[in-house]
Amino acid sequence: MKEIKCYVGVFIGVVGNKKTIVVDANNNHDFSDDMLIEYDISDNSKYDDEYKKLFPIYKIEYEYFDKKTINKVEYVKVFPAHKSYTYKKVEEEIKAIYFTSFGYYSGVFNYEKQTYKVAISNQRSWPKYEIKGIDFSIKKKNQLHVYNDWFKSNQNIAIDNINIEVLDYDFITDNLVIKISKRTNTLGWQEGDICPPIYAKKINKDSVNINNYFSQKDFTVIDFWGSWCKPCLEEMPNMENVYERLKTRSINMISIACEYDTNDYVLAQKIINAKKIGGIKLFEKLNTGITTTLKIDSYPSLILINKEGQIVKRFYGRGMATKLEDFLSK
């Protein structure tokens, strides 16, 4: 029986606003021959996508067994992640790190005289590769893969007049299985699609058909947030300022608190009252109902829908309220 290196040692130290991380990349139980990295954790707001690109990629020795063969993970990226969505104790929050494998694969295929390119990212699936943790992007050959394009298996991606669905990916043979069909139904979650029937709940858990609001005004803005989500709470003042400037326009503003449990609706309601959030206030459990129908997997998120029920634009993350206002000002 062979012993595998199914662990990686990490040293974490925090002094004031400096966080030190050392990864035992060569797995020799000795940190003295490894790279020492220091992070400034005084300002969480600067940990945006551009800043994260500066974090080092480690070449490590890590192995795992998938019931058939011993596999290796060669590259990982470590984020200081001192601010967490889920840690409630300050000391745990400060010590937290985010460990992801660094993998990116690409290829092309042809369909009806058109060349498409596929990108596969396995960053979310470390250490065990499972299709449910894989992000896919499919674009025309001359287009770039961008953040908003990534989707999961068994989700349809619409390109022109076709729908493409990823059914399976074999990591051993590097074979991707996709299903291509003609677009006969425009209902969907992507920009340009007609919004399917969507529902959320009032604080008393009565269900509300959100589609009924679309025809009442020129636009409907749906804001997805959660009491557990720090970036959501940080974005709220910006959202309210934009709402104040837009409330003379023909726009429905709907705020949906997405919570882990229905008991958390009360906490969300307290935040709504404390921050005096305007518009229509609704609630929903995470990863159910409207959040799965509209593929809400990033928080905070905004969806702009016109009076015909068409999804016009989607916005994500910090600064999304400003982006919405800029878009509506064009």
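Across all non-hydrogen atoms, the minimal contact from Trp225 to Ala268 is CH2-O, 3.8 Å. Taking all atoms of both residues into account, the shortest heavy-atom contact from Ile305 to Cys195 is CD1-SG, 4.1 Å. Considering every non-hydrogen atom in both Ile194 and Glu308, the closest pair reads CD1-O, 4.3 Å. Shortest non-hydrogen contact noted between Gly9 and Phe31 is O-CE2, 3.7 Å. Closest heavy-atom contact between Arg314 and Trp189: NH1-O, 2.6 Å. Among all heavy-atom pairs drawn from Ile210 and Ala200, the shortest one is CD1-CB, 4.0 Å.
Asp24 places a side-chain N or O within donor-acceptor distance of the main-chain N or O of His29, the cut-off being under 3.5 Å. Judged purely by atom type and a 3.5 angstrom limit, Ser250 uses its side chain to pair as donor or acceptor with the backbone of Asp218. Without hydrogens or angle criteria, Lys275 side chain to Asn273 main chain gives no donor-acceptor distance under 3.5 Å. Asn110 places no side-chain N or O within donor-acceptor distance of the main-chain N or O of Lys113, the cut-off being under 3.5 Å. Judged purely by atom type and a 3.5 angstrom limit, Glu235 uses its side chain to pair as donor or acceptor with the backbone of Ala321. Looking at Glu259, its side chain does come within 3.5 Å of a backbone N or O of Ser227 through a donor-acceptor pair. With hydrogens and angles disregarded, no donor-acceptor distance shorter than 3.5 Å links the side chain of Asn287 to the backbone of Thr292.
Note: Leu304 CG to Ile251 CD1 = 7.5 Å, rounded to the nearest 0.5 Å. The line from CD1 of Ile296 to OH of Tyr316 is 6.5 Å long, rounded to the nearest 0.5 Å. Here the CD atom belonging to Gln114 is positioned 9.5 Å from the CZ atom belonging to Phe109, to the nearest 0.5 angstrom. Rounded to the nearest 0.5 angstrom, Asp223 CG and Leu302 CG are separated by 5.0 Å. Taken from NZ in Lys19 to CD1 in Ile37, the straight-line distance is 13.5 Å, to the nearest 0.5 Å. One finds the OG1 atom of Thr322 at 15.0 Å from the CZ atom of Phe327 (value rounded to the nearest 0.5 Å).
With a 4.5 Å cut-off on side-chain heavy atoms, Ile198 and Ile222 count as touching. Looking at heavy atoms from C-beta onward, Tyr265 lies in side-chain contact with Lys285 at the 4.5 angstrom threshold. Residues Met253 and Lys247 are not in side-chain contact: their nearest non-hydrogen atoms beyond the backbone lie 4.5 Å or more apart. Taking the side chain as every heavy atom from C-beta outward, Pro196 and Asn211 never approach each other to under 4.5 Å.
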Show, in sequence, the C-alpha distance, side-chain angles and deciding distance for Phe136 and Leu176, and conclude whether the side-chain contact (heavy atoms from CB on, under 4.5 Å) test is met. CA-CA 11 Å; Phe136 300 90; Leu176 181 71; 3.6 Å; yes
The test is side-chain contact (heavy atoms from CB on, under 4.5 Å); show your working for Lys202 and Leu282 and say whether it passes. CA-CA 5 Å; Lys202 297 180 180 178; Leu282 300 173; 4.2 Å; yes
Is there a side-chain contact (heavy atoms from CB on, under 4.5 Å) between Leu324 and Met320 once you walk through the steps? CA-CA 6 Å; Leu324 168 68; Met320 65 179 189; over 6 Å; no
Taking it one step at a time, do Lys217 and Lys307 satisfy side-chain contact (heavy atoms from CB on, under 4.5 Å)? CA-CA 6 Å; Lys217 295 189 177 181; Lys307 67 189 309 177; over 6 Å; no
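By the rule that hydrophobic residues join a cluster once side-chain heavy atoms approach within less than 4.5 Å of another member, Leu286 and Phe283 end up as members of separate clusters. By the criterion of side-chain heavy atoms lying less than 4.5 angstrom apart, applied directly or through intervening Ile, Leu, Val, Met, Phe, Trp or Tyr residues, Tyr243 is not grouped with Ile277; the two fall into different hydrophobic clusters. Transitive grouping of hydrophobic side chains (ILVMFWY, heavy atoms separated by less than 4.5 Å) brings Ile180 and Ile138 into a common cluster. Neither Met236 nor Ile280 shares a network with the other; the hydrophobic side chains, linked directly or stepwise wherever heavy atoms of I, L, V, M, F, W or Y lie under 4.5 Å apart, form separate groups for each. Linking Ile, Leu, Val, Met, Phe, Trp and Tyr residues whenever their side-chain heavy atoms come within less than 4.5 Å places Phe214 and Ile254 in a single cluster.
Electrostatic pairing of Glu234 and Arg318 counts as a salt bridge here, judged by a charged N lying under 4.0 Å from a carboxylate O. Under the 4.0 Å criterion applied to side-chain N and carboxylate O atoms, Glu112 and Lys182 are assigned as salt-bridge partners.
Residue Phe11 forms a side-chain contact (heavy atoms from CB on, under 4.5 Å) with just one option from Leu36, Val22, Val23, and that option is Val22. Exactly one of Phe224, Trp228, Phe315 qualifies for a ring pair (Phe, Tyr, Trp, His ring centres under 6.0 Å) with Tyr299. That residue is Trp228.
The disulfide (SG to SG under 2.5 Å) analysis of residues 231-330, with sequence neighbours excluded, yields the pairs Cys229-Cys232.
With hydrogens and angles left out, the side-chain atoms of Asn28 and Asp30 include no donor and acceptor closer than 3.5 Å.
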